[in-house]
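In what follows, a single structure is set out as structure tokens and then discussed.
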Amino acid sequence: MLQISLPDGTIVSHPEDATPLSVAESIGSRLAKAVIAAKVGDKIVDATFPLRNFSGPTPIPLRLLTDRDPEALDVLRHSCAHVMARAVMRLYPDVSLAFGPTINNGYYYDFFLPHKLSEEDFPRIEQEMAAIIQKGEPFEQFSLPREDAMALCQDMNQLLKVEHIETGLSSHESLGFYRQGEFVDLCRGPHIPDAGRIKAFKLMSVAGSHWKGEVNGPHLQRLYGTAWFQPKDMQAYLEQLEEAKKRDHRVIGKKLGLFQITPDVGQGMCLWMPKGARIRSLLEDFLRREMLKRGYEPVYSPHLGRVELYETSGHFPYYRDSQFPPLFVHDAGALVDAWCRRLNEEEGLNAAQESHFLQAAEILGFDSAHYRKVLSKEEKLASLNEWQRQHERFLVKPMNCPHHAQIFKAQPRSYRNLPLRLFEFGTVYRYEQTGELNGMLRVRGLTQDDAHIFCTSDQVEQEFRSTIDLTRFVLESVGLEDYRVQLSLRDPKSDKYVGSEENWQKAEAALRKVLEESGLNYTSAEGEAAFYGPKADFMVRDCIGRQWQLGTVQLDYNLPERFQLEYTGADNKPHRPVMIHRAPFGSMERFVGMLTEHFAGAFPMWLAPEQIRICPLSEKTNDYAMELERRFTEAGFRVTTDLRGAKVQAKIRDAQLELIPYMAVVGPREAETETIALRDRIEGEVGTKPVAEILAMLQEEVSTRRIRQTATRSAPQAEEPLQTTSHEY
RNA sequence: GCUGCUGUAGCUCAGUCGGUAGAGCACUUCCUUGGUAAGGAAGAGGUCAUGGGUUCAAGUCCCAUCAGCAGCUCCA
């Protein structure tokens with residue numbers, strides 16, 4: 001007999017051939033019908049899993065999963081991926097299956113398939129899937145020894161699976177398959193009992209992908225779908241997608257005139273329109289004031305730096321491909337640069353090519369006397385490198401840290417003056433791959449709210465604490481209250497990290513201690529640290545449940561070393577400082593883009609580019625309206641007056657659509673009594689009040705940075721995203 | 001960078017079989033002078049992303065380039 005413990009603590013005995021399904025049957029027939037899968041220990045298994053195969057503690061911890069459990073939804077989706085693959089195989093010849101895991105809210109399956117799938121194919125595929133679901137055949141698991149499994153995949157002409165068994169699964173003795181009707185797939189499972197459990201599904205999109213993520217590997221087509229136990233859940237999900245689409249910062253940004261990216265300026269280079277720039281400058285002013293209060297000192301640095309600066313920091317040529325190419329002052333600069341790179345390549349240069357380079361360079365003014373004297377490749381490279389050092393090359397600044405390190409280094413530093421906190425809204429340029437660019441969220445020119453803190457290792461804890469405090473304050477000031485911190489630590493087994501063991505231990509302990517004390521929700525991720533130090537990233541959830549990585553705090557033991565930074569300690573000896581990089585917003589572009597989506601363009605009063613729109617009833621009250629505009633402007637408000645000869649209804653409609661927080665409607669009655677009929681964008685008419693009272697009320701809303709509304713309506717909250725689950729081996 | 005899709009007025013989009021360009025909104029002017037989400041009329045606005053090609057004829061078909069979108073790969 002097997003001893004099984006149920007979630008309520010009871011322990012029951014079942015025969016040796018017991019399965020979760022048979023356990024469920026012993027509890028009740030309705031439960032048996034509802035069982036989708038089960039959790040045994042930490043592992044999710046089929047409802048028909050023989051419990052005696054469980055290798056773990058006794059009694060066996062068993063939890064039955066029904067359509068109410070998120071884990072079951074994951075199982076359902078993977079089964080739906082099988083159904084989809086089956087439908088695709090029925091409809092198109094020569095399909096090779098790759099992988100078909102579940103993802104947040106759905107699943108995908110990668111196919112190698114000569115036919116180019118498009119959305120036009122979806123109805124046919126969905127129809128075929130519906131037929132398979134209608135038939136409701138069971139998913140049957142079986143295992144084969146390695147050689148037989150290979151032979152089976154060969155027989156089915158599933159060559160990607162064969163390759164995977166040979167390479168990725170080389171250590172597996174026995175391999176699991178699932179059969180559903182004529183469809184057999186190498187799969188670890190688990191699956192739902194039968195296809196009839198899928199009550200709602202939809203194909204979402206098709207896109208390209210690469211076999212095992214190798215850019216040079218076979219090109220696959222990835223078909224995305226979603227599946228649910230209840231049609232109404234899918235409905236809610238689709239509505240949420242609609243809601244997210246309506247919030248797209250690229251659409252809202254264009255409509256409200258916040259920012260623009262035009263081909264004439266260049267990909268990934270955004271133009272901040274007056275209203276977007278307003279929001280940005282309000283955020284910058286706000287952060288600048290906070291930083292000044294906290295002992296930061298503003299600095300400025302140029303947009304260019306000598307290539308040698310970044311060679312010292314280690315960023316060039318390491319990141320060369322994602323930087324804009326160097327600027328050469330000498331005509332022959334680019335040529336000599338290309339020449340060096342050719343020489344460095346394995347094939348090198350043949351005599352004819354080298355002679356061409358030499359001739360061309362000479363035409364461009366290169367003095368070849370020394371080069372012609374040397375013979376070996378190393379000597380030639382040394383000669384060219386020496387020439388490059390003598391002729392300035394600049395890089396468009398890809399990051400601010402080297403500049404700030406130079407500011408630290410520019411004068412002798414004493415421990416008495418640490419920590420030194422240097423901040424700059426520093427604009428940097430990175431040559432991101434074209435396919436990575438995404439509105440304001442990923443651009444090629446961006447401004448970081450960057451600061452570097454130079455401190456002693458004893459000060460790390462205190463400085464980390466204060467950057468965490470600052471980041472929290474900043475996020476909460478714009479109404480982002482739902483966030484967690486990911487603490488990225490080193491992998492203790494790896495040796496890729498710079499800095500002493502002692503420093504790392506001290507730093508990691510300090511970060512952990514601060515996070516513990518802060519009461520913040522945080523998770524640690526081992527092995528995720530940068531090679532130069534541990535870091536803490538803020539993962540922020542917006543009002544429709546999407547997660548964004550925003551602020552970051554990073555410890556750095558590398559740059560102080562590379563730049564030979566020193567301060568004099570109390571012992572009158574030189575010491576190396578620790579550098580902390582931090583950016584509460586991340587970048588202004590990304591942050592404002594994210595806020596635009598979070599607020600769906602309806603910025604709170606303190607950030608709204610236009611706070612009040614004055615709507616005179618007719619031209620007869622224009623004078624009073626202008627007078628009001630002056631008073632509001634003097635009081636520090638951002639206000640405009642709608643002097644068009646339109647009806648007040650039209651003026652209000654336009655102001656509403658522009659998401660302006662308040663409208664001041666004024667006619668002869670208001671002009672007479674020095675009052676305003678105030679309209680609130682959210683609440684509608686507020687009533688008629690004296691001007692002074694309204695000024696005070698609105699000023700209070702600004703100074704407290706009140707957030708009155710984030711979602712235009714209560715959007716469904718996305719469920720906590722599950723880890724992308726692989727059902728593959 | 002890779003795969004696929006897309007590019008028509010400031011915006012959102014129609015444009016049939018290849019036969020010489022259309023709507024709504026926005027804009028300008030005029031009329032209207034009003035009480036909380038669209039008053040009326042007229043006008044202006046386009047080398048159909050760019051460059052080639054096929055054709056008697058190209059917004060429409062083909063190729064290249066540029067840009068955008070989705071995904072992959074990447075992100076100091």
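Chain naming here is simple, since letters A, B, ... match the order of the sequence lines and numbering starts at 1 in each.
Nucleic acid contact for A:Arg250: sugar-phosphate only, since backbone atoms but no base atoms lie under 4.0 Å from a heavy atom of the residue. No engagement by A:Ala655 is indicated, since no non-hydrogen atom pair under 4.0 Å with the nucleic acid exists. Among the protein residues, A:Asp654 comes within range of no part of the nucleic acid, since none of its heavy atoms lies under 4.0 Å from any strand. Nucleic acid contact for A:Gly314: none, since no nucleic acid atom lies under 4.0 Å from a heavy atom of the residue. Across all strands, A:Arg679 comes closer than 4.0 Å to base atoms (heavy-atom distances). In this structure, A:Gln267 reaches the sugar-phosphate backbone alone: every heavy-atom distance under 4.0 Å involves primed, P, OP1 or OP2 atoms, never a base. A:Tyr532 comes within 4.0 angstrom of the backbone, heavy atoms only, and of no base. Within 4.0 Å (heavy atoms only), A:Leu657 reaches at least one base atom of the nucleic acid. Within the nucleic acid shown, A:Gln649 comes within 4.0 Å of sugar-phosphate atoms alone, with no base atom in reach, counting heavy atoms only.
Distance noted for atom P between B:A14 and B:C61: 15 Å (whole Å). When the P atom is used for both B:C31 and B:A70, the distance is 48 Å, rounded to whole Å. Going from the P atom of B:G15 to that of B:C2 covers 32 Å, rounded to whole Å. Comparing the P positions of B:U16 and B:U32 gives a spacing of 44 Å, expressed to the nearest Å. Nucleotides B:G51 and B:U12, compared at atom C1', are 29 Å apart to the nearest Å. For the C1' atoms, the distance linking B:A44 with B:G7 amounts to 25 Å, nearest Å. Taking atom C1' in both B:A58 and B:C17, the straight-line distance is 14 Å, to the nearest Å. Only the C1' atoms considered, B:U29 is 15 Å distant from B:G45, to the nearest whole Å.
Within the structure, every side-chain polar atom (N or O) of A:Ser205 is placed at least 4.0 Å from both OP1 and OP2 of B:A70. The phosphate of B:U33 (OP1 or OP2) has no side-chain N or O of A:Asn622 nearer than 4.0 angstrom.
Separating the CZ atom of A:Arg444 from the C1' atom of B:A67 is a distance of 12 Å, rounded to the nearest angstrom.
Taking a cutoff of 4.0 Å between a charged side-chain nitrogen and a carboxylate oxygen, A:Arg613 and A:Asp654 do not qualify as a salt bridge. Comment: A:Arg306 engages A:Glu308 in a salt bridge, judged by a side-chain N to carboxylate O separation of less than 4.0 angstrom. Salt bridge status for A:Lys397 with A:Glu424: present, with a side-chain N to carboxylate O gap under 4.0 Å.
Judged by distance alone, with hydrogens and angles left aside, A:Arg430 brings no side-chain donor or acceptor close enough to the base of B:C74 to form a pair under 3.5 Å. A:Glu670 contributes a side-chain N or O that forms a donor-acceptor pair with the base of B:G35 under 3.5 Å. No hydrogens or angles were tested; on distance alone, a donor-acceptor pair under 3.5 Å links the side chain of A:Glu436 to the base of B:U73.
Listed nucleotides B:C74, B:G1, B:G35 differ in distance to A:Thr434; the shortest reach to its side chain belongs to B:G1.
In this structure, A:Trp211 and A:His164 have perpendicular ring planes: the angle between them is above 60°, well past the 30° mark. Using the six-membered ring where Trp is involved, A:Phe259 and A:Trp272 have ring planes that are perpendicular, over 60° apart on the 30 and 60° scheme. Relative ring orientation between A:His581 and A:His452 is described as perpendicular, the plane-to-plane angle rising above 60° on a 0-90° scale split at 30° and 60°.
Under the stacking criterion of a centre-to-centre distance below 5.5 angstrom and an interplanar angle below 30°, A:Tyr319 sits stacked against the six-membered ring of B:A76.
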